[in-house]
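The structure appears right after this line, and notes come after that.
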2 protein chains.
Amino acid sequence: MPTASDFQRMLREASLRVTSPRIAVLSAVHAHPHADTDSILGVVRADLGAVSHQAVYDVLRALTAAGLLRRIEPQGSVARYEARVGDNHHHVVCRSCGVIADVDCAVGLTPCLTASDDHGFTIDEAEVIYWGTCPGCTTATSL
Amino acid sequence: MPTASDFQRMLREASLRVTSPRIAVLSAVHAHPHADTDSILGVVRADLGAVSHQAVYDVLRALTAAGLLRRIEPQGSVARYEARVGDNHHHVVCRSCGVIADVDCAVGLTPCLTASDDHGFTIDEAEVIYWGTCPGCTTATSL
DNA sequence: TCATTTTCTGGAATCAATCAAGTTACTGAG
DNA sequence: CTCAGTAACTTGATTGATTCCAGAAAATGA
Ligand SMILES: [Mn+2]
Ligand SMILES: [Mn+2]
Ligand SMILES: [Zn+2]
Ligand SMILES: [Zn+2]
């Protein structure tokens, strides 16, 4: 787990000012991958005390634009954020409880798949979401 | 293009009551693949006259649940519907203008990809969205 | 120190989508 | 064909995540 000074360096390298809300958000997303904005707000407030929800929305947007965070929004879910960027990994989502797990990309580079017919598009990414049932929900259903 | 009686048959085979809003929605989605709810509402109203937006939402949900329509929602887009179901095809989306095109699946069956590590999930579908720039936006940018 | 960016406050607005209650109309049984 | 039961539709309100606003205060970095 990166330390506060690691987060400071990340922000500086991205030409972003170092502020406590930004460090707290970066830290929260590192500690809670695939968390939604509201959960992140809770973690940040537990860490820092009062922080406006607007600040967290602003920070999440700035960090995502800078490439420090990645935003994902599977169908039926609110926006979620993760700190694992740049490795083109994919996700598996439980249809029953919504839990999300990482799936390493066998290729690693984007785009990792080639379209059968690209219709003349210049494709830079292949996003893959696997849908299914997680072990917990499978067990619960079969009881 | 299927006719009104084709749509009636499709509804009956799905054990759904045959109503004019349902036929109009089915027809609109067949004629306008990947249209959003609001566009569909417009087409339906041009066809039938007054129809409540709630009716269109209800119909889209019922038809999707029955497997007659498929709902897709790429990031940054509202829900879109298409009548091409059951062939597990994929989509390519333009980051610039949002246009969506179909991409045939080389495999055809779901799930068409195997996750490198499924974390114990029972996976039933692999959803693929290719992101890039459409020919029109590529041309416009390079001018 | 100073100019600039970020955050705070605290509302208010958006907009797709859903809910609720009452009315209409489709359909299968008779 | 008729009719009742229920599914579907209408109308109007509401939700909920996210964004916008605007002025004041705080923090950053040069
Ligand atoms: Mn992930
Ligand atoms: Mn399609
Ligand atoms: Zn689950
Ligand atoms: Zn385009």
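In what follows, chains carry the letters A, B, and so on, assigned in the order in which the sequence lines appear, proteins first and then strands, with residues in each chain numbered from 1.
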| Taking atom C1' of C/dC8 as reference, at what distance in whole Å does atom CG of A/L48 sit? | 14 Å
| note | Once base and sugar-phosphate atoms are separated, protein heavy atoms under 4.0 Å mark nucleotides 23-30 of chain D, 5' to 3', with B, S and - as ----BBS-
| message | Any side-chain N or O of A/R61 below 4.0 angstrom from OP1/OP2 of D/dT18? | response | no
| remark: Here the distance between atom P of C/dT7 and atom CD1 of A/I23, to the nearest Å, is 11 Å
| Just wondering, do B/L68 and B/L16 contact through their side chains at under 4.5 Å, heavy atoms? | yes
| Mutual orientation of the aromatic rings belonging to A/H89 and A/H34 [parallel < 30°, tilted 30-60°, perpendicular > 60°] | tilted
| request: Could you check if a side-chain atom of A/I129 sits within less than 4.5 angstrom of a side-chain atom of B/I129, using non-hydrogen atoms only? | output: no
| request: Looking only at side-chain atoms of A/A55, point me to the closest of D/dC21, D/dA13, C/dC8. | output: C/dC8
| note | To the nearest angstrom, the CG-P distance between B/L41 and D/dT11 comes to 13 Å
| query | In terms of the nearest nucleotide of DNA chain C, which residue is placed more toward the 5' end: B/A79 or A/R22? | reply | A/R22
| request: Determine: side-chain N/O of A/T37 to OP1/OP2 of D/dT18, distance under 4.0 Å, yes or no. | output: yes
| said: Just verifying a value: how many Å separate B/Y81 OH and B/T37 OG1, rounded to the nearest 0.5 Å? | reply: 4.5 Å
| message | Looking only at the side chain of B/D58 (C-beta and beyond, no hydrogens), which of the listed nucleotides D/dC9, C/dT9, D/dA17 gets closest? | response | D/dC9
| query | Does the distance from a Lys or Arg side-chain N to an Asp or Glu carboxylate O, for B/R84 and B/D104, drop under 4.0 Å? | reply | yes
| query | Roughly, in whole Å, what's the span from CG in B/D38 to C1' in C/dT14? | reply | 14 Å
| message | Could you tell me how far apart A/E73 (CD) and D/dT19 (C1') are, to the nearest whole angstrom? | response | 14 Å
| said: Does C/dC8 have its OP1 or OP2 closer than 4.0 Å to a side-chain nitrogen or oxygen of A/R45? | reply: no
| message | Under 4.0 Å from OP1 or OP2 of D/dT18: is there any side-chain N or O of A/Y57 that close? | response | yes
| Integer-rounded Å distance: D/dG16 P and A/D36 CG | 14 Å
| request: Let me know the distance between NE2 of A/H53 and P of D/dC21, rounded to the nearest Å. | output: 15 Å
| query | Under the side chain to side chain contact (heavy atoms under 4.5 Å, CB included) test, which residues partner B/D117, sequence neighbours left out? | reply | B/H119
| Quick one: does B/T139's side chain have a donor or acceptor within less than 3.5 Å of a partner on B/P135's backbone? | yes
| request: Would you indicate what A/A62 reaches in the nucleic acid, counting non-hydrogen atoms under 4.0 angstrom: base, sugar-phosphate, or nothing? | output: nothing
